[in-house]
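First the structure, in the form of structure tokens, and then the observations on it.
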Amino acid sequence: MKKVTYLTESAKKFSREEAIAEAKRCLLCEEAYCNKKCPINSNPKEFVELVATEQFDKAIGLIRDNNPLFYSICTRVCPYDSYCVGGCRNSKLADDPIMIPFIQKYLVDYCDETDEIISSGNVEPKKVGQKVAIIGSGPAGLAAAAVLGQKGYEVTVFEAKKEVGGWLSYGIPPHRLPKEIIQKDLKYIRSLDVEFRTNCMVGRDITLDDLKKEGFKAFLISTGFTIGRVLNIEGHELDGVTDAVSFLSEAKSKDGKIEVGESAVIIGGGDVAMDCGTTAKLTGYKKVRIMVRNSIEEMTASAKELKYLQQVGVPIIDWMDSVRIVGENGKVVGMEFKGTDDNTKLYVECDKVIFAVGQMPGAIQTIAPVDVDERGMIVIDDDFNTSVEGVFAAGDISKAKADKTACYATALGKKVAQSIDKYMQNIAVSKNV
């Protein structure tokens, strides 16, 4: 049996024969619950039918028309139990739904075999002089850049860090999303003449006024939540206390080769907490525990991430609330908890405490003087307009009603691209009047 390491991908793969056989099981039901459940509108029913008839190029072209992050989002990080596969469970295949992500994963392998970029070719002619700046290269920014590139705009993506991808590159562990997979999506986006400027923070290294002088007419802020939260409890300043963003980012940037201790405690019950748990275990911590305030059944983590956490041997202790972090000589040595449903008291020895309790935005107003709410999220209207003319916002950083998943961020990126396109067309019309 192959040894599982930090870099070992966890998800199953289909062979060509398995993908075709699985696709042929699809009932092609009129309701197409899978389509209705997909926030990105990838049209699973249609591309599954194409795979069943071995029309792989057409299937890939259809997906790419709808989801430019086909490699990394649909086939890897999608919480498909809630989306397409969850929709399939509403059909007559409730007990044995079509495993749509595994079919898509075969299509990724098919692309690799051909070693070429397969698309439908539905790209509009270049619109000379119409430049759009995307600030932040997470899934929302990348999706918007791709859609605008498909429409012929001159798009430049500005990324403050060395690598493009945001949380895809710096947060999601390689067992879910290997580094090379993101590069394959970027290869397609670059084929649309989208330019990337890395190590360039808008508001510090370059300003909006500078970009306007370069000819940019519209701007999308999609910087996401870049700062991890730490609970303000006794001992939070001790050496050995960190946040999920910092922990996951360091591990992924170093391929898991980080300094580890004996025992780690993770606070939180979402997918990010599960990622911290598996990362801690697979990078070398002998004991890893996840502590949650409510029941395991009430956790927001997806079923597949919970399953993988169990496979690598990380327990979850529920109904426990953080009291204080205990230290000696400035370093963490343990943590105290109390029961949330009784008078239980628990002390856990550990030398690492990781808080996976949410993220916060950076200094958005250094980019543009947009209106923000009490949480620092950008206030937008239904068309993603901010309070500043020509500046749009999408993704986690925007005050939009949506799931906080990479899939929904991708969907929002597509939608904001349509609003930017409309805005740019209005500018062009007004110039000709």
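Hydrogens, waters and symmetry mates are skipped; everything else that's a heavy atom, side chains included, is used.
- With a 4.5 Å cut-off on side-chain heavy atoms, L306 and M274 count as touching.
- The closest donor-acceptor contact from the side chain of Y6 to the backbone of K252 lies under 3.5 Å.
- With hydrogens and angles ignored, the 3.5 Å screen pairs a side-chain donor or acceptor of T75 with a backbone N or O of Y71.
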| request: Could you give me the CA-CA distance, side-chain angles and deciding distance for T207 and V202, then say whether side-chain contact (heavy atoms from CB on, under 4.5 Å) is met? | output: CA-CA 6 Å; T207 67; V202 177; over 6 Å; no

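- Between atom CD1 of residue I354 and atom CE of residue M291 there is a gap of 13.5 Å, rounded to the nearest 0.5 Å.
- Taking all atoms of both residues into account, the shortest heavy-atom contact from A23 to V51 is CB-CG1, 3.9 Å.
- Side-chain atoms of K414 come within 3.5 Å of backbone atoms of I40 as a donor-acceptor pair (strictly under, hydrogens ignored).
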- Item | Verdict with supporting geometry, R190 and E195, salt bridge (Lys or Arg N to Asp or Glu O under 4.0 Å) | CA-CA 7 Å; R190 286 191 173 97; E195 179 187 347; over 6 Å; no

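- Taking 4.5 Å as the limit, some side-chain heavy atom of L107 sits within range of a side-chain heavy atom of F56.
- A side-chain donor from one of D57 and Y110 sits under 3.5 Å from a side-chain acceptor of the other.
- In the displayed structure, D381 atom CG is contacted under 6.0 Å by more than 12 heavy atoms of other residues, nucleotides or ligands.
- Judged by distance alone, with hydrogens and angles left aside, the side-chain atoms of N67 form a donor-acceptor pair with the main-chain N or O of L69 at under 3.5 Å.
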Evaluate salt bridge (Lys or Arg N to Asp or Glu O under 4.0 Å) for D275 paired with R176, printing each intermediate quantity in order. CA-CA 9 Å; D275 286 343; R176 293 175 59 196; 2.6 Å; yes

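- In this structure a side-chain-to-backbone donor-acceptor pair under 3.5 Å is missing from E22 to A19.
- Looking only at distances, no side-chain donor or acceptor of S42 sits under 3.5 Å from a matching main-chain atom of P44.
- Between K105 and E9 a salt bridge is recorded (basic side-chain N to carboxylate O distance below 4.0 Å).
- Separation of atoms CG (N90) and SG (C34) is listed at 10.5 Å; rounding is to 0.5 Å.
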Working note: K24 + E17, criterion salt bridge (Lys or Arg N to Asp or Glu O under 4.0 Å); need CA distance, chi angles, decisive distance, verdict. CA-CA 11 Å; K24 285 183 176 178; E17 293 74 21; over 6 Å; no

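- Remark: C84 SG to N43 CG distance equals 12.0 Å, nearest 0.5 Å.
- Aromatic ring centres of Y308 and H175: separated by under 6.0 Å.
- For E159 against S137, the heavy-atom pair with the smallest separation is OE1-OG, 2.6 Å.
- Salt bridge absent: D81 and K304 never bring a charged side-chain N and a carboxylate O closer than 4.0 Å.
- A distance of 6.0 Å or more separates the ring centres of F70 and Y188.
- Residues L309 and I290 are in side-chain contact: their nearest non-hydrogen atoms beyond the backbone lie under 4.5 Å apart.
- Partners of K13 under the salt bridge (Lys or Arg N to Asp or Glu O under 4.0 Å) rule, at least two apart in sequence or in another chain, are D109.
- Partners of F14 according to the ring-ring contact (aromatic ring centres under 6.0 Å, His included) rule, which considers only residues two or more places apart in sequence or in another chain, are F102.
- A salt bridge links E214 to R197: one of the charged nitrogens lies within less than 4.0 Å of a carboxylate oxygen.
- The backbone N or O of E163 lies less than 3.5 Å from a partner atom in the side chain of Y170, making a donor-acceptor pair.
- A 6.0 Å sphere centred on CD of E259 holds no more than 12 heavy atoms belonging to other residues, nucleotides or ligands.
- Between the side chain of D255 and the backbone N or O of A251, no donor-acceptor pair lies under 3.5 Å.
- Salt-bridge annotation for R293 and D318: absent, with no side-chain N of the basic residue lying under 4.0 Å from a carboxylate O of the acidic one.
- Proximity of a side-chain donor or acceptor of S222 to a complementary backbone N or O of I135 within less than 3.5 Å is detected.
- Contact record, G141 with L220: CA-CD2, 4.5 Å, taken as the closest heavy-atom pair.
- Salt-bridge annotation for E250 and K254: present, with a side-chain N of the basic residue lying under 4.0 Å from a carboxylate O of the acidic one.
- Side-chain contact between R204 and T366 is absent, with no heavy-atom pair separated by less than 4.5 Å.
- Salt-bridge annotation for E31 and K36: absent, with no side-chain N of the basic residue lying under 4.0 Å from a carboxylate O of the acidic one.
- Side chains of K281 and C276 form no contact here, defined as non-hydrogen atoms less than 4.5 Å apart.
- Heavy-atom neighbours of K58 NZ from other residues, nucleotides or ligands within 6.0 Å: at or below the threshold of 12.
- Looking at T5 and T8, their side chains do bring a donor and an acceptor atom within 3.5 Å of each other.
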Determine, step by step, whether Q130 and I427 satisfy the side-chain contact (heavy atoms from CB on, under 4.5 Å) criterion, reporting the C-alpha distance in whole Å, the side-chain angles of both residues, the deciding distance to 0.1 Å, and the verdict.
-> CA-CA 10 Å; Q130 294 184 306; I427 290 177; over 6 Å; no

Next item on the list: Mind running side-chain contact (heavy atoms from CB on, under 4.5 Å) on F384 and L412 for me, showing each step along the way?
Entry: CA-CA 9 Å; F384 302 91; L412 292 175; 3.9 Å; yes

Run the side chain to side chain donor-acceptor pair (under 3.5 Å) check on D271 and S302 step by step: do they pass?
CA-CA 6 Å; D271 279 347; S302 63; 3.3 Å; yes

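- L248 and P173 make their closest contact through CD2-CG, 4.4 Å (heavy atoms, listed as atom of the first residue, atom of the second, distance).
- Shortest non-hydrogen contact noted between V77 and A406 is CG2-CB, 4.0 Å.
- In this structure, the side chains of I227 and Q359 stay at 4.5 Å or more apart for every pair of heavy atoms.
- The side-chain heavy atoms of V391 and L208, taken from C-beta on, include a pair separated by under 4.5 Å.
- Shortest non-hydrogen contact noted between M377 and D396 is CE-O, 3.4 Å.
- In this structure, a donor-acceptor pair under 3.5 Å is present between the side chains of E46 and N35.
- There is a side-chain donor-acceptor pair under 3.5 Å between S72 and D185.
- Outside the 6.0 Å centre-distance limit, the rings of F196 and F158 are not counted as a close aromatic pair.
- Under the 4.0 Å criterion applied to side-chain N and carboxylate O atoms, K415 and D383 are not assigned as salt-bridge partners.
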Take D239 and V241 through the side-chain contact (heavy atoms from CB on, under 4.5 Å) test and state the conclusion after the steps. CA-CA 6 Å; D239 183 14; V241 178; over 6 Å; no

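- Panel note: side chain S387, backbone D371; a donor-acceptor pair is recorded below 3.5 Å.
- Using a 4.0 Å cut-off between a side-chain N of Lys or Arg and a carboxylate O of Asp or Glu, D96 and R25 qualify as a salt bridge.
- Between K307 and E305, none of the side-chain N atoms (NZ, or NE/NH1/NH2) sits under 4.0 Å from a carboxylate O, so this pair counts as no salt bridge.
- For the pair T156/K131, no side-chain contact is recorded, criterion being any heavy-atom separation below 4.5 Å from C-beta on.
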